[in-house]
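One structure is given below, encoded as structure tokens.
Start at 1 with the first residue, then count along the sequence. Everything numeric in this text was worked out from a predicted model, so none of it was measured.
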Amino acid sequence: MNREKDKLKALGHKTEFSTNYDPSVLETFENFHKENDYWVELLCPEFTTLCPITGQPDFAEIRIRYIPDVRMVESKSLKLYLFSFRNHGDFHEDCVNIIMKDLIKLMDPRYIEVYGLFVPRGGIAIHPFANYGRPGTKFERLAEERLFRREL
């Protein structure tokens with residue numbers, strides 16, 4: 001029987017997902033355009049984590065925007081990393097800051113911001129925003145401007 005999925009090589013073998021927080025799955029690749037300042041935007045519309053108090057699931061869209069330097073995050077590893085929050089219990093604000101700090105440690109970007117658009121629970125939506133600009137550079141000033149000019 002001729003099956004279409006047997007012809008697909010890009011999908012590779014079955015993916016193993018960690019359901020507990022695991023930054024070790026993150027990988028990078030070389031930025032071939034280091035001489036340019038440019039934005040990379042990564043959207044994860046199906047992020048899930050657990051409330052650390054009630055254990056109830058929380059759902060969000062995580063938006064990551066960064067200006068790379070030497071290294072860039074590999075998208076499949078990012079997917080596996082974000083999936084690893086599925087059984088992890090942290091507040092929304094913690095998740096956003098943990099993601100940002102792990103990505104800074106991983107790739108040392110010129111600038112990065114992480115925005116979480118969490119689905120309302122109990123009638124309140126929480127949308128935490130965290131950012132970072134490399135100290136002593138124009139990106140530090142960019143981080144300050146973007147933080148203070150956030151719209152409600």
Taking the side chain from Asp69 and the backbone from Arg110, do they hold a donor-acceptor pair closer than 3.5 Å? no
Determine whether a donor-acceptor pair (N or O, by modelled atom type, separation under 3.5 Å) exists between the side chain of Ser77 and the backbone of Glu74. yes
Could you state whether [X] and [Y] fall into the same hydrophobic cluster, counting links through intermediate Ile, Leu, Val, Met, Phe, Trp or Tyr residues with side-chain heavy atoms under 4.5 angstrom apart?
X	Y	result
Val70	Tyr132	no
Val96	Ile53	no
Ile104	Tyr81	yes
Leu82	Phe59	no
Phe32	Trp39	no

Out of curiosity, [X] [atom1] to [Y] [atom2], how far, rounded to the nearest 0.5 Å?
X	Y	atom1	atom2	value
Lys79	Leu42	NZ	CG	13.0 Å
Ile62	Met100	CD1	CE	12.5 Å
Glu145	Glu140	CD	CD	11.5 Å
Leu106	Arg71	CG	CZ	8.5 Å
Asp108	Arg134	CG	CZ	4.5 Å

Considering non-hydrogen atoms only, spot the tightest contact between [X] and [Y] and give its length.
X	Y	answer
Met72	Tyr38	SD-OH, 3.5 Å
Glu113	Arg146	OE1-NE, 2.6 Å
His88	Tyr21	ND1-CB, 3.4 Å
Asn20	Asn87	OD1-CB, 3.7 Å
Asp90	Ile98	OD2-CD1, 3.2 Å
Ile112	Met107	CD1-CE, 4.1 Å

Check whether any side-chain heavy atom of [X] lies under 4.5 Å from a side-chain heavy atom of [Y], and answer yes or no.
X	Y	result
Leu103	Leu26	yes
Leu78	Ile64	yes
Val25	Ser84	no
Ile99	Phe85	yes

Evaluate whether atom NZ of Lys138 has more than 12 neighbouring non-hydrogen atoms of other residues, nucleotides or ligands under 6.0 angstrom away. no
State whether the number of non-hydrogen atoms from other residues, nucleotides or ligands found under 6.0 Å of Glu46 atom CD is greater than 12. no
Using the side-chain contact (heavy atoms from CB on, under 4.5 Å) rule, take Leu43 and Glu61 through it: C-alpha gap first, then chi angles, then the decisive distance, then the call. CA-CA 7 Å; Leu43 305 176; Glu61 177 178 339; 3.9 Å; yes
Quick one: side chains of residues 117-131, donor-acceptor pairs under 3.5 Å with protein atoms, not counting sequence neighbours, listed by atom name and distance.
residue : atom : partner : partner atom : Å
Arg121  : NE   : Asp58   : OD1          : 2.5
Arg121  : NH1  : Gln56   : OE1          : 2.3
Arg121  : NH2  : Asp58   : OD1          : 3.0
Asn131  : ND2  : Tyr111  : OH           : 3.2
Asn131  : ND2  : Ala143  : O            : 2.8

Go through the steps to decide whether Val73 and Tyr66 satisfy the test side-chain contact (heavy atoms from CB on, under 4.5 Å), and finish with yes or no. CA-CA 10 Å; Val73 66; Tyr66 71 99; 3.8 Å; yes
